[in-house]
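Okay, so here's the structure we're looking at.
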Amino acid sequence: MADKLFYFLTFLALLSALMVVFSRNPIHSVLYLILTFFTLSGHYVLLNAQFIAAVNIIVYAGAIMVLFLFVVMFLNLRSETQEKTSILSKVASVTAAGLLMVVLVAALKDVNLGTVQATPDFDSQVGMVEQLGKVLFSKFLLPFELASVLFLAAMVGAVMLGRREPGEQNTF
Amino acid sequence: MLAISALSVFGIIVLFLGFSNNKSALMLAAMLSLLATFGLALYEWQHPEITPAVAAGMMSFDNLSILFTAVLLVTGILLLPLSERFLVDPKAQPAEYYAILLFSMVGAIMMVTFDNLIMLFLGLEILSISLYVLTGSDKRNLLANEAALKYFLMGAFATGVLLYGVAMLYGAAGSFSLSDIALYVQDNHDNLSPMLYIGLFMMLVGMLFKLSVAPFHWWTADVYTGAPNFFTAYMSTIVKTAGFAALYKILSVSFVGVYDYWFLMLAICAVLTLCIGNLTATAQQSFKRMMAYSGVSHAGYMLIAVASFSDKTPEAIFFYSLAYSIATITAFAALMRVADTKGSADFAAFYGLAKTNPFLSFALTVSMLSLAGIPLTAGFMGKLFVFMSALEQGHVALVVAAVLMSAVGVYYYLRVVIAMYMREGNGVAVTLSPRFRVVLIATTVLTILLGVVPSLVAGAL
C-alpha cells in the first residue's frame, strides 16, 4: 500500500513540477507549485515526518505561496511580454541541463539505500513536534540559536531597503 | 565561541545606537566591537577547552580557525575607517550598515570554525544575505540595484546547489558532522555510495560559485562594479578568506580519502580561473572592474594551494589571504578617494596622481606590486608559499600555469602605476583625511613588513 502511494505521489509531484515550468501563465505556475508542495508533504508523511509535513503546508503552501500570488498579480505579468531568448542560448542550456541529468541518473541509478526493518523499538512518534523539539534544544541548540542572527540580519536589511527615504513620494 | 556571541550582541548594540544623532559614535562603537572580538578570539588561542559544551560537534576553535578569524577581523578593522563617507552622507544609514557588517562577520567566523555542515550553511547564508543587502544599499543607484538583484538571484541558486549536495552527503554518510563523514569515507573506502561523489560535486560547485572561481565567475564583474566601493572592498576580501578556509576545512577533514576525485576538478577550475581572470583583467578600462577580475585571478592562486593539499597548504592559504586582503584594502582606499574626487573609476582618473598626492601614489604602487607578486612585498611571499605547497606534491604543471599567468598580472597592475607616474593629469588634487592616512600607512607598512619578514606570522601555526 505504502509503495503504491509513494509512486502515485512521485508521479503527481513530477508532473506538477514540470507544469510549473511549462505553464505560460504565471498564475497557473504558482498554483501548480502549491500542488507540488502538497505532494511533497505527502512524501514527508510517508517518511514518518508529520511535523515537517504540517509546517511545509502552513509555511510554503500557505504563507509563501500567497506572497508569490500577490506579487505575480501585482506585477500583472502577461505571457505575451515574455523576453525573447535566442535559439543558441536555448540549445546551450538544454544541452547543459540534459547532460547534467544524464550524469546524475547514471551515477545515482545504482544507489542501494538498503531496506528498513521494522524493529520492536521503532518509535512511531519520531517525527512529532515533541521529539523534534528535544533534538533542536539539545544536539542542535547552537545552530538553532545562531539562526536568529541570520533572521536578524535579513530583517534589518529588509527594513533598510524598504524604508521610505526623506522626500520620496508614495507611488501606490 | 566567545567571539561569535560577543559579535552578535555588539551588532544589536550598534543597531540601537542608530537612534542617537551622533554618527561618529557609531563608527567608534563598531570599531571597538571588532577590536574586542579580536581580543576574545586571540584569548582562545591554545585554549580549546574554553569552548562551551553546547558547541561540541558544531564548531571548534583550533589554532588554524583562530588564525583565519584573526585575518577576517584585521581586514574588518582596517576597512572600517574607510567608511567615513557614510557619516556625512545624508542618504546613508550607517547604523544599519555597521550592524549588518558585524552580523556578516559572525557568519564569516562561523565559516572558518564549523565542524558540521549545518553550521557551514548557516554561516554562508548569514554572510551572503548581509552582502546582498549591502550591495544594494545605495538605493538610488541603478547599477547597484542591478548588482544586488543579480547577486541575490545567482547566490540563492548557488546556495540551492550547495544544499542539494549537503542532502546527498547526508544520504550517503547519514550525518552532517565532518568527522562522521570522514569516518564513513574511511570505513567504506572501496564501496563508497555514488551519492557521496554527487554530493561532494554539488557542494564544491556551490562553494566555488561563492568564491567566484571560473567557470562560475560570471556574476563577479557586474556585482563588484555595481556595489558601493566600500562594500566591494569588504566582499572581495572577507568572502575570499572565509570561503577558502571553509573549502580547505571540508576537504581536509572529511574528504582526504577521495583526494583523486576532487583534485582534478579543483585543478581544472584553478587553471581556468587563472587564465580567464588574468586575461580579462588586461582588457579592462575601469580600475574597479580590473580589481574585480583581479579578485577572480587571486581565487585561482588560492585554489592551487587547496588543490595541492600538502602539509604547507594551511599556512599558504592563511598567508595568501592576509597578503591579498591587505593589498586590496589599499587599492580600494585609493579608488574611493579618487572616485569621490573625480567621479570616475576609470584608469584615466588616476592620471597624474603622483604629482598631486605622492603618498597615495606610493601606497597604491606598493599594493599593486604586492598583488602582482613582486619580491619584497607580502604578495610575493604569499605566491611563494602557494607554489611551494604545490611543488611539494609534484604539481609542476599547475605552478607553471600560475607563474605564466602572474606574468600577465604584472602587465595590468603596472598599468595603474604608469597611469599615476607617467601620464599628465588635469591637476585636480586628491586629498586624504586622517582616517584614510592611518589606514594607508598601516596597510603599506604591513605589506612591506610581511614581504621582508614573513616569519612574523607564517610561523604561527
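Numbers restart at 1 for each chain; the letters A, B, ... are given by sequence-line order, proteins then strands.
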Expected output: side-chain B:Glu96 to main-chain A:Gly157 donor-acceptor under 3.5 Å: no

Which residues in residues 4-19 of chain B have any heavy atom lying under 4.5 Å from a heavy atom of chain A? B:Ile4, B:Ser8, B:Ile12, B:Leu15

Would you say the rings of B:Tyr151 and B:Trp219 are close, in the sense that their centroids are separated by under 6.0 Å? yes

Donor-acceptor pair, B:Lys139 side chain versus A:Arg163 backbone, under 3.5 Å? yes

In sequence, state the C-alpha distance, the side-chain angles, and the governing distance for B:Tyr98 and B:Ser33, and then conclude on side-chain hydrogen bond (donor to acceptor under 3.5 Å, both in side chains). CA-CA 10 Å; B:Tyr98 291 144; B:Ser33 311; over 6 Å; no

Using only atom types and a distance under 3.5 Å, with no angle test, would you say the side chain of A:Ser29 pairs donor to acceptor with the backbone of A:Val20? yes

Determine which residues belonging to residues 114-122 of chain B lie within contact range of chain A, meaning some heavy atom pair is under 4.5 Å apart, and list them by number or answer 'none'. B:Ile118, B:Met119, B:Leu122

Would you name the heavy atoms of A:Tyr44 and A:Ala53 that are closest together and state the gap between them? CB-CB, 3.8 Å

Let me know if A:Phe140 has heavy atoms under 4.5 Å from chain B in its side chain, its backbone, both or neither. both

State, with a plain yes or no, whether a side-chain heavy atom of B:Met202 is found less than 4.5 Å away from one of A:Leu104. yes

Checking heavy-atom separations under 4.5 Å from chain B, one finds in residues 54-68 of chain A none

Apply the test side-chain contact (heavy atoms from CB on, under 4.5 Å) to residues B:Tyr261 and B:Phe201: give CA-CA distance (whole Å), side-chain angles for both, the deciding distance (0.1 Å), then the verdict. CA-CA 9 Å; B:Tyr261 173 72; B:Phe201 170 75; 3.4 Å; yes

Close side-chain approach of A:Met128 to A:Phe51, heavy-atom, < 4.5 Å: no

Of all heavy-atom pairs linking B:Phe231 and B:Ser137, the shortest is CE1-OG, 3.3 Å

Check: A:His43 ring centroid to A:Phe6 ring centroid under 6.0 Å: yes

I need the full list of salt bridge (Lys or Arg N to Asp or Glu O under 4.0 Å) pairs touching residues 147-174 of chain B, with sequence neighbours left out, sorted by first then second residue. B:Glu146-B:Lys150, B:Lys150-B:Asp222

Are the side chain of B:Trp262 and the backbone of B:Leu200 linked by a donor-acceptor contact shorter than 3.5 Å? no

